[in-house]
Amino acid sequence: MDALRIGVLGCAEIARRRLLPAFARTPGAEIAAVASRDPGKAAEVAGLYGCRAVHGYDALLAREDVQAVYVPLPAALHAPWVEAALRAGKHVLAEKPLTTDHATTRALLDLARSSGLVLMENVMFVHHAQHAVVRRLVAEGAIGRVRALHSAFTIPPLPGGDIRYRADLGGGALWDVGVYPLRAASLFLGPGLEVAGATLSSGGHDVDVSGAALLRAPGGVAAQLTFGFEHAYRSMYELWGADGRITVERAFTPPADHRPVLRLERRAGVEEISLDPDDQVVNTVSAFVAAVREGVSPTHDASLELAALLTAVRHHATTPPTADRPGGLAPS
């Protein structure tokens with residue numbers, strides 16, 4: 001079977017550092033072209049992979065030798081370029097969040113489905129093997145009935161000119177790092193999560209730079225989430241059960257050579273479960289290629305759920321709190 005020919009819209013850091021190398025390493029994928037508004041940058045990046053350099057995103061979408069596109073643009077630009085790609089008949093792998101609006105996310109997913117195209121949101125950590133092991137342990141009753149989930153993804157302050165501080169480009173901690181603990185909550189607690197409370201803090205910036213959310217699952221299980229990019233680094237989740245607890249560190253962006261160690265704490269003692277390294281980026285690209293071959297968008301429901309949670313966190317954090325619903329945007 002011929003390789004899926006992928007074009008890349010832009011030379012963003014995540015494309016250069018993670019996805020382009022993964023496309024090159026994934027059987028069944030081929031980098032067909034790289035586009036940039038800067039022809040010199042397109043030529044530089046394309047030269048590393050022996051593919052065509054294209055000046056401008058529209059020109060790449062017009063190419064008949066491109067079957068699918070990867071969209072690593074700033075969050076505020078996802079919606080127009082994902083739509084343009086779908087209308088050009090291309091399958092799409094788009095960086096998270098798919099859009100910054102629940103209704104727009106739904107509309108794009110509907111457009112992809114009605115067009116017979118795959119639209120996949122690039123939340124890579126769910127494709128790492130360590131989380132399947134955690135799910136198996138929970139299903140086997142290793143910690144008893146799950147009663148709570150705690151998760152955090154925080155990173156140190158960004159350089160002053162980083163686009164994630166720009167509101168016009170969809171910046172902010174919620175869209176950038178808040179996605180991860182929210183997606184972890186839905187991965188382990190299932191659909192139907194509700195936001196019971198949330199807070200966002202701007203810290204003097206035009207966007208939120210930190211936040212927290214309290215979720216509740218239909219069965220009453222609570223999830224406490226923390227995120228931000230003006231913090232010491234932390235990337236983790238804990239599942240607390242009636243009989244024990246599982247802790248996963250470096251949960252969301254482990255390098256391909258990282259050897260995960262799951263910490264399982266029970267009354268009988270602590271067990272550390274060492275796992276083999278796994279490449280979640282290549283796994284993600286492989287999942288995208290397989291989805292195109294099968295004609296099924298694998299993240300449709302998860303993307304809708306995540307978009308609803310992001311919208312609800314934003315709503316709770318910017319609406320004045322009431323006696324039964326805490327919240328509020330912290331002053332800078």
Side-chain angles (χ1 to χ4, degrees), residues 96 120-153 178-196 213-227 234-254 256 258-288 290-291 294 296-310:
K96 51 77 188 167
M120 179 170 157
E121 185 174 24
N122 192 33
V123 181
M124 294 186 286
F125 84 89
V126 299
H127 298 281
H128 196 289
Q130 65 180 334
H131 310 299
V133 176
V134 173
R135 289 166 65 90
R136 177 177 58 78
L137 289 169
V138 171
E140 292 173 351
I143 59 172
R145 184 179 179 187
V146 174
R147 301 308 308 150
L149 179 145
H150 292 179
S151 183
F153 193 21
V179 167
Y180 294 89
L182 284 168
R183 184 67 181 88
S186 62
L187 178 66
F188 290 104
L189 302 184
L193 292 170
E194 296 180 353
V195 178
L214 175 65
L215 313 183
R216 58 172 170 253
V221 178
Q224 299 180 40
L225 315 178
T226 302
F227 51 89
R234 193 83 192 275
S235 172
M236 58 76 66
Y237 62 80
E238 290 184 333
L239 283 163
W240 290 18
D243 302 320
R245 178 172 62 190
I246 298 173
T247 304
V248 181
E249 296 285 354
R250 302 191 73 177
F252 300 126
T253 57
H258 171 63
R259 291 186 173 274
V261 178
L262 310 182
R263 184 178 176 86
L264 175 58
E265 301 177 58
R266 294 184 282 193
R267 293 179 184 177
V270 177
E271 179 183 359
E272 292 191 339
I273 304 171
S274 298
L275 305 176
D276 292 332
D278 196 30
D279 190 336
Q280 66 184 32
V281 190
V282 168
N283 292 349
T284 300
V285 175
S286 297
F288 178 60
E294 296 166 6
V296 178
S297 293
T299 65
H300 184 281
D301 293 344
S303 293
L304 281 178
E305 175 92 1
L306 180 58
L309 289 173
L310 288 165

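Keep in mind the model is a prediction, meaning the values are calculated, not measured. All heavy atoms count here, side chains included; hydrogens, waters and symmetry mates do not.
The backbone N or O of M236 sits less than 3.5 Å from a side-chain atom of S151, completing a donor-acceptor pair. No donor-acceptor pair closer than 3.5 Å links the side chain of D278 to the backbone N or O of Q280. No donor-acceptor distance shorter than 3.5 angstrom exists from the side chain of S186 to the backbone of P191, with no hydrogens or angles considered.
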May I have the step-by-step check of salt bridge (charged side-chain N to carboxylate O under 4.0 Å, His left out) for R183 and E305, ending in yes or no? CA-CA 9 Å; R183 184 67 181 88; E305 175 92 1; over 6 Å; no
Would you sort out whether L215 and L189 count as a side chain to side chain contact (heavy atoms under 4.5 Å, CB included), showing the intermediate values? CA-CA 10 Å; L215 313 183; L189 302 184; over 6 Å; no
Test side chain to side chain contact (heavy atoms under 4.5 Å, CB included) applied to R216 and V221, step by step: CA-CA 6 Å; R216 58 172 170 253; V221 178; over 6 Å; no
Check against side chain to side chain contact (heavy atoms under 4.5 Å, CB included), V138 and F188: CA-CA 9 Å; V138 171; F188 290 104; 5.5 Å; no
Could you please spell out the steps behind the ring pair (Phe, Tyr, Trp, His ring centres under 6.0 Å) verdict for H127 and F288? CA-CA 11 Å; H127 298 281; F288 178 60; over 10 Å; no
Go through it in stages, so that I can follow the logic: the residues are E271 and R266, the test is salt bridge (charged side-chain N to carboxylate O under 4.0 Å, His left out), and I'd like the CA-CA distance, side-chain angles, deciding distance and then a yes or no. CA-CA 8 Å; E271 179 183 359; R266 294 184 282 193; 3.6 Å; yes
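With a 4.5 Å cut-off on side-chain heavy atoms, L225 and L149 count as touching. Taking the side chain as every heavy atom from C-beta outward, L137 and I273 approach each other to under 4.5 Å.
Side-chain contact, S303 with E121: a donor N or O sits under 3.5 Å from an acceptor N or O.
The shortest non-hydrogen separation linking T253 to S235 is N-OG, 4.2 Å. Among all heavy-atom pairs drawn from G219 and R145, the shortest one is O-NH2, 4.4 Å. Pairing each heavy atom of P260 with each of D276, the nearest pair is CD-O, 3.6 Å. Nearest heavy-atom pair across H131 and F125 is CD2-O, 2.9 Å. Across all their heavy atoms, S274 and V261 have their closest contact at OG-CG2, 4.0 Å. Here the closest heavy-atom approach between residue I143 and residue L239 is recorded as CD1-O, 3.5 Å.
Across Q130, R135, R136, a single residue satisfies side chain to side chain contact (heavy atoms under 4.5 Å, CB included) together with V133, and that is R136.
Rounding to the nearest 0.5 Å places CG of L275 at 9.0 Å from NE2 of H258. For the atom pair CD (E265) and CD (E272), the distance works out to 9.5 Å, reported to the nearest 0.5 Å. Here the CZ atom belonging to R250 is positioned 13.5 Å from the CZ atom belonging to R259, to the nearest 0.5 angstrom. Separating the CD atom in E238 from the OG1 atom in T247 is a distance of 3.5 Å, to the nearest 0.5 Å. Distance CG/L182 to CG/L193: 9.0 Å, rounded to 0.5 Å. Atom CD1 of residue I246 and atom CG of residue L262 lie 7.5 Å apart, to the nearest 0.5 angstrom.
Between H150 and W240, the ring planes are tilted. Angles from 30° to 60° get that label.
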